[in-house]
Number of protein chains: 4
Amino acid sequence: MPPQPIPAVQAHRYDWPMSAPAPSARRASSRGRIDKRQAILQAAFTVFAAQGYELTSVQEIAAEANVAKATVYSHLDDKEQLFRQTMATVAEAVLADSLAAVDRLRAVGDDLRAVWEDVADELVRVCCDERARALRSLAYAQVARFPDLIADVQGRTSVRLAEALADRIARLSLSGRIRPADPTCAAEQFLALLTGPIETRSRMGTREIPAEELLVVSRSAVDTFLRAYAADS
Amino acid sequence: MPPQPIPAVQAHRYDWPMSAPAPSARRASSRGRIDKRQAILQAAFTVFAAQGYELTSVQEIAAEANVAKATVYSHLDDKEQLFRQTMATVAEAVLADSLAAVDRLRAVGDDLRAVWEDVADELVRVCCDERARALRSLAYAQVARFPDLIADVQGRTSVRLAEALADRIARLSLSGRIRPADPTCAAEQFLALLTGPIETRSRMGTREIPAEELLVVSRSAVDTFLRAYAADS
Amino acid sequence: MPPQPIPAVQAHRYDWPMSAPAPSARRASSRGRIDKRQAILQAAFTVFAAQGYELTSVQEIAAEANVAKATVYSHLDDKEQLFRQTMATVAEAVLADSLAAVDRLRAVGDDLRAVWEDVADELVRVCCDERARALRSLAYAQVARFPDLIADVQGRTSVRLAEALADRIARLSLSGRIRPADPTCAAEQFLALLTGPIETRSRMGTREIPAEELLVVSRSAVDTFLRAYAADS
Amino acid sequence: MPPQPIPAVQAHRYDWPMSAPAPSARRASSRGRIDKRQAILQAAFTVFAAQGYELTSVQEIAAEANVAKATVYSHLDDKEQLFRQTMATVAEAVLADSLAAVDRLRAVGDDLRAVWEDVADELVRVCCDERARALRSLAYAQVARFPDLIADVQGRTSVRLAEALADRIARLSLSGRIRPADPTCAAEQFLALLTGPIETRSRMGTREIPAEELLVVSRSAVDTFLRAYAADS
DNA sequence: AATGAATGAGCTTTCATTCAT
DNA sequence: AATGAATGAAAGCTCATTCAT
């Protein structure tokens, strides 16, 4: 009888691009080791996202990554480090996508509303993304166990996102498209108008939000935001 | 040597009023049993709030409630029910406070802004309340384990709160103080403007928000809300 | 929430006649107490028989007897005494029935075989009786826990039955119907021929033996017994 | 201070030969694992036999096998499987011995009685064997908890033994040494004549039967059996 | 470097038993 | 006498982690 035949977890699998070093820079064996570490981290996020931190055993992660349990420990110190590394890696990836959405505000044409709607739609897409939702959910869930982790994850995501958005708003303010106001506060409110209703309506990810409902939320957010912050034309 | 000398948990203690039946309605012994059940639920919330569901052992709850572990099991079926009952009870209490805040919108005087600021301040107080924060946090954290619980808790708190708020907004709309708009959407946005920034700034409750910062958030929320929804005077 | 609402056990219920004292000999209240003790013992045997000693909780017995758990303890010292008393009481009842069957050998007519077949059938009936089977089964099952109990139960049943049977055989031997042989040994063998195959075929009571199969066993036992022990006519 | 200093169980220790695979067929490490599994099963039988299923804790089995409790669980799924595997393994071993005894009937010389006495003595030896007794006793005792186990154990022991014996009787019948009769019934009765009195006299294993008493039982069984079944010479 | 095997520590849950009313 | 309530003690089981191969 094989000792622990853990079945593979039924869940989304998350693969993300790594900032891969140049292939020639490292020997093949070293490369293989990095690949395995990579595989373990991805497996870890897949399983953590599906089951949460506590309900996930290291055994399950090892099975998902097709390695032995001890191999996981040879790459990451313990379950805590495994979790932290996983979260950091995913947070980085989510942030990149979010920033890309905000960057669309760098080129604002005549139609101010159109651009904001575009950004809002894109951010909604990122917010509803399984990966982003799982990331937030995991971070929130572990506040009691790893109180510092939340700052870390939020620092890498919401905060930097809000800052980037505030930058755009400041520029729009200078160019007279947005009325004079604290850009940080405005950015914070825009994100709140967008994500707040979505979190509520999705019941923290346990309910699927229909596309048209998402659109309503997105449009309403932009509408309220522009009513409050658009410069009087 | 007592076998399990669990030290008392260092944490806030939460006592909430129960909808107490008339004292004469029950015999003393029955009353005593209810009191003990009450004590167990309060102890449970105290410890759960401080440590989270998984890190909390039933033993610790028993110690906090000054009863034997088996006594806990004689009142609540198992750890899961203990958690659910605790959450339900606290959610009810939080909801009552929130609704009281919103009720202030029933009597709106000349100064529309003044009333909304009053409501906002009161809701912020409830939002930053340790008890409410812990409730949300615990619910979020257990999405993976008890997916239905989140709907239950949100149903008893955010959703009913938003409905009550929407009712007020609808009346204000009819009386011409708020411009015609979907009251549900408006209520949802008002709450998002209030709680979103607070959750972010408090780092999900791991950081204390200074009073003046809270005031800024509250005032900004009202300002944006009224800019977007106040009837053109 | 009532603490332990144990559902009644789905099982045969065993009521047996008690050697009732004369009604006038005791006060009514005392009579009630005896009745309750009686009810507890019967309930105990019902539940023990259905579930075995270990899987039966005192709570279940109390529920079956419609009394509180503590009441059981006020009548019987502890679970062990409860079990022993129950077993002794039932053993007495079973023995009475068995002895009645053997008594039919007191009046042997011309047809020796007919009488033995009658006795065999009657004993088979007692052997397959749920009550007798449960008694043996419970005693066997607790050899490890109560090693002396088995002697007690066997002493009150098989041994005294074998003795009674040996008495009859001795008389038949004297009267020339049975060949000279050790009556004890003969009695023992007759019972073995009867009960051995039945225990095996019933898989210790887990399988129902069809009536015709029982008849075969019974007839075969008598046949073999008479071939070995009937006097040469 | 070790937390669980379980003392070793005072009891017979049962080692039985395993159908060992060729040593070269497996790697040393795998061999080691099998050895340990073997040790655990033997320890389990030792402790189960001494204390019964319910009074035996997995902890005690682990101690007897000189492994940690968790190691037991890594080899066998849970206490139930541990018990079933143990019983199956021992049943197989007991059966082998019993069949060997019956095989002596393949070569019947002139003296029919002598062969049967030889077989009877050998079977009595197997029946009184601590190991066989414990096996039956454990199976009987767990009828309530594992109703199917009894069929399994009896299937592997009594039933197959009776069949083998019936085969021999059939051949003896064909060769005219045993009178024409149902061989199955005859086999069943022979075993009943042998084991019935022994179980009764040994008080289900709680009393040691003196050697001369065993001889009486054995001789009487053969005598009665041959009187009933030997062909008229 | 990778892994099979083993383990220490801990947690949930049950239950016989006692005690105050 | 009867009972609701409370509890001490123990058992089954899991899992993160280590170590020899």
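Worth saying up front: this structure is predicted, and the values here are computed from it rather than measured. As a basis for the values below, the full set of heavy atoms in this structure was taken, side chains included, without hydrogen atoms, waters or symmetry mates. Letters A, B, ... mirror the listed sequences (proteins, then strands); counts begin at 1.
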Review point. Just how far is it from atom OG of D/Ser57 to atom CD of D/Gln51, taken to the nearest 0.5 Å?
Key: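 D/Ser57 atom OG to D/Gln51 atom CD measures 7.5 Å (nearest 0.5 Å).
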
Check your understanding: Atom CD1 of B/Ile61 and atom CD1 of B/Ile40: how far apart are they, to the nearest 0.5 Å?
Key ->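 Between B/Ile61 CD1 and B/Ile40 CD1, I get 9.5 Å after rounding to 0.5 Å.
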
Exercise for review: Would you please say whether a donor-acceptor pair under 3.5 Å links the side chains of A/Glu64 and A/Gln42?
Suggested key: no

Between [options], which one does the side chain of [X] approach most closely?
X	options	result
B/Val67	E/dT13, F/dG12, F/dT7	F/dT7
A/Ser74	F/dA16, E/dA2, E/dA6	E/dA2
B/Lys69	E/dT12, E/dA16, F/dT7	E/dT12
C/Ser57	E/dG10, E/dC15, E/dA2	E/dC15
A/Tyr73	F/dA2, F/dC15, F/dT18	F/dT18
A/His75	F/dA2, E/dA2, F/dC15	E/dA2

Review point. Mapping D/Glu54 and C/Ala68 to their closest nucleotides on DNA chain F, which lands nearer the 5' end?
Key: C/Ala68

Check your understanding: Of C/Thr71 and A/Asp77, whose nearest nucleotide on DNA chain F comes first from the 5' end?
Key ->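 Between the two, 5'-proximity favours C/Thr71.
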
Report the distance from atom [atom1] of [X] to atom [atom2] of [N], rounded to the nearest whole Å.
X	N	atom1	atom2	result
D/Asn66	E/dA6	CG	P	13 Å
B/Asp35	F/dG4	CG	P	19 Å
A/Ile40	E/dA1	CD1	P	13 Å
A/Leu55	F/dA16	CG	C1'	15 Å
B/Asp78	E/dT14	CG	P	8 Å
B/Lys79	E/dG10	NZ	P	15 Å
C/Leu76	E/dT18	CG	C1'	16 Å
C/Gln59	E/dT18	CD	C1'	15 Å

Check your understanding: Thinking salt bridges, do C/Glu80 and C/Arg145 make one under a 4.0 Å N-O criterion?
Key ->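 A salt bridge is absent here (no side-chain N lies under 4.0 Å from a carboxylate O).
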
Review point. Quick one: is E/dA1 close enough that its OP1 or OP2 comes under 4.0 Å of any side-chain N or O from A/Lys36?
Key: no

Check your understanding: Relative to A/Phe146, does A/Arg84 satisfy both conditions: NZ or CZ under 6.0 angstrom from the six-membered ring centre, and within 45 degrees of the ring's axis?
Key -> yes

Practice item. Find which nucleotide of DNA chain E each of B/Ala70 and B/Val58 is nearest to by heavy atoms, and output the residue with the more 5' nucleotide. Key: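 It is B/Val58 whose nearest nucleotide is closer to the 5' end.
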
Exercise for review: Please determine, for F/dA10, whether a Watson-Crick or G-U wobble partner exists with both distances under 3.5 Å, and give it or none.
Suggested key: E/dT13

Point to revise | Watson-Crick or G-U counterpart of F/dA1, or none if no pair lies under 3.5 Å | key: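 Partner of F/dA1: none found under 3.5 Å.
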
